[in-house]
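Quick one: the structure is below, questions incoming.
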Amino acid sequence: MNIIFDLDGTLIDSAPDIQFVAQEVLAGWHKQALTLAETRSFIGEGAGVFVTRMMAARDIEASTDNYAAVHAEFLRRYEFAVDKAVFYPGVERVLAALKADGHRLGLCTNKPELPARAVIEKMGLNGIFDAFIAGGMLPSRKPEPAMLLAVLQDLGDGAPLYVGDSEVDSLTAVQGRVPFALFTAGYRKTAISEIPHDWSFENFVALPDIVRAAASGRRRPAV
Ligand SMILES: O=C(O)COP(=O)(O)O
Ligand SMILES: [Mg+2]
């Protein structure tokens, strides 16, 4: 199989790192830090959307100049914010097992390329992904399906499965017509039943069974 993973909220909980970057940037504007809940709810559509939501939440006027300044400062710091990231339980073991079973693994994240590469390195995941597309590498971002389809193309022939945590990932999968497994313990904002998916799981130990079901063409009707 070709199994493609989302990153933030799926493989790693990176919200504390992103909260820290936001805090440093907001301090320069004499604004209060974001809560962890706010931070989680702003993640999912890339750094630009995060910055827009953060500015709105802290009453920073959304002028072109302000946005450019906040965005640049955010990106400058983002690449170095990898200290607090942790894997969700079971991720490392399951990724290694899937790889050992001969599956090809891909990564498809809206996180900008530099911080995505930095956190992959920090988590010791170099070499695990056979294909990788991050935010800014293509003209569009998820939920447009182009990133997901590009990763699939890079992986070559094989039945696909996309694994992600959010409404954005679900829509990406629907638009790309790729079977989707929803990780329910990430940053989703709505009820599981409202997010179209073929399978859902709350712990990575359940993923190998889903991969087996996907490989055999068994697919639960999408919710
Ligand atoms: O950084 C983001 O906004 C989202 O990243 P993700 O696509 O890995 O969830
Ligand atoms: Mg995500």
Side-chain angles (χ1 to χ4, degrees), residues 3-22 25 34 36-57 70-71 74-75 77-82 84-88 91 95 105-123 125 128-129 131-138 140-151 161-176 178 180-190 192 195-197 200-202 204 207:
I3 309 164
I4 297 111
F5 294 90
D6 169 68
L7 182 60
D8 289 333
T10 297
L11 298 178
I12 57 169
D13 181 9
S14 46
D17 278 327
I18 298 173
Q19 181 190 31
F20 180 68
V21 174
V25 175
L34 300 181
L36 201 52
E38 283 177 310
T39 305
R40 283 204 188 96
S41 74
F42 297 166
I43 296 172
E45 290 180 70
V49 172
F50 186 97
V51 163
T52 300
R53 291 171 174 161
M54 176 177 87
M55 288 173 69
V70 174
H71 190 228
F74 187 86
L75 286 184
R77 296 175 179 274
Y78 199 177
E79 185 186 344
F80 305 101
V82 296
K84 304 181 203 306
V86 290
F87 284 117
Y88 288 100
V91 164
L95 286 181
L105 309 184
L107 192 79
C108 179
T109 175
N110 272 344
K111 197 179 187 78
E113 182 177 357
L114 287 179
R117 288 197 190 279
V119 81
I120 284 169
E121 161 108 40
K122 185 253 164 166
M123 303 309 279
L125 290 179
I128 200 110
F129 298 111
F132 165 93
I133 302 243
M137 291 172 67
L138 291 185
S140 69
R141 63 171 185 272
K142 299 181 288 183
E144 290 297 316
M147 287 171 63
L148 180 59
L149 297 176
V151 176
L161 176 68
Y162 182 45
V163 181
D165 69 304
S166 75
E167 294 79 354
V168 173
D169 297 308
S170 168
L171 187 54
T172 308
V174 168
Q175 299 193 131
V178 175
F180 179 59
L182 175 68
F183 174 56
T184 58
Y187 305 152
R188 73 188 158 79
K189 298 170 202 168
T190 40
I192 297 167
I195 305 176
H197 60 275
S200 67
F201 65 103
E202 65 171 3
F204 269 77
L207 187 59

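Whatever order the structure lists ligands and atoms in, that order sets their numbers, starting from 1. Residues take their numbers from the sequence shown, with the count starting at 1.
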Do any pairs count as a salt bridge (charged side-chain N to carboxylate O under 4.0 Å, His left out) and have a residue in residues 7-22, sequence neighbours left out, and if so which ones?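 For residues 7-22: D8-K111.
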Please report the number of protein N, O or S atoms that lie less than 2.8 Å from the Mg ion (ligand 2).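 Excluding waters, the total comes to 3.
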Side chain E167, main chain K189, donor-acceptor under 3.5 Å: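 A pair under 3.5 Å: yes.
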Option passing side-chain contact (heavy atoms from CB on, under 4.5 Å) with R141 (candidates V49, T109, I133):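 Output: one option passes, namely V49.
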So if I apply the side-chain contact (heavy atoms from CB on, under 4.5 Å) rule between F132 and each of I4, L107, V151, which one comes out positive?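 Running side-chain contact (heavy atoms from CB on, under 4.5 Å) over I4, L107, V151 with F132 returns exactly one hit, L107.
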Donor-acceptor under 3.5 Å (K84 side chain, F20 main chain):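 Between the backbone of F20 and the side chain of K84 there is no qualifying donor-acceptor contact (under 3.5 Å).
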Measuring from each atom of ligand 1, which residues have a heavy atom under 4.0 Å away?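 Only D6, L7, D8, I43, G44, E45, G46, Y78, T109, N110, K111, K142 have heavy atoms that fall under 4.0 Å of ligand 1, ordered by chain and number.
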Aromatic ring pairing F42/F50, orientation class (parallel under 30°, perpendicular over 60°, tilted between):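 Ring orientation, 0 to 90° scale: perpendicular.
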side-chain hydrogen bond (donor to acceptor under 3.5 Å, both in side chains) with N110: which residues, sequence neighbours excluded?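 Checked N110 against side-chain hydrogen bond (donor to acceptor under 3.5 Å, both in side chains); zero matches.
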Decide whether D169 and T172 meet the rule of one side-chain donor and one side-chain acceptor closer than 3.5 Å.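 There is no such pair between these side chains.
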Using only atom types and a distance under 3.5 Å, with no angle test, would you say the side chain of R188 pairs donor to acceptor with the backbone of T184?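 Looks like yes, one N/O pair under 3.5 Å.
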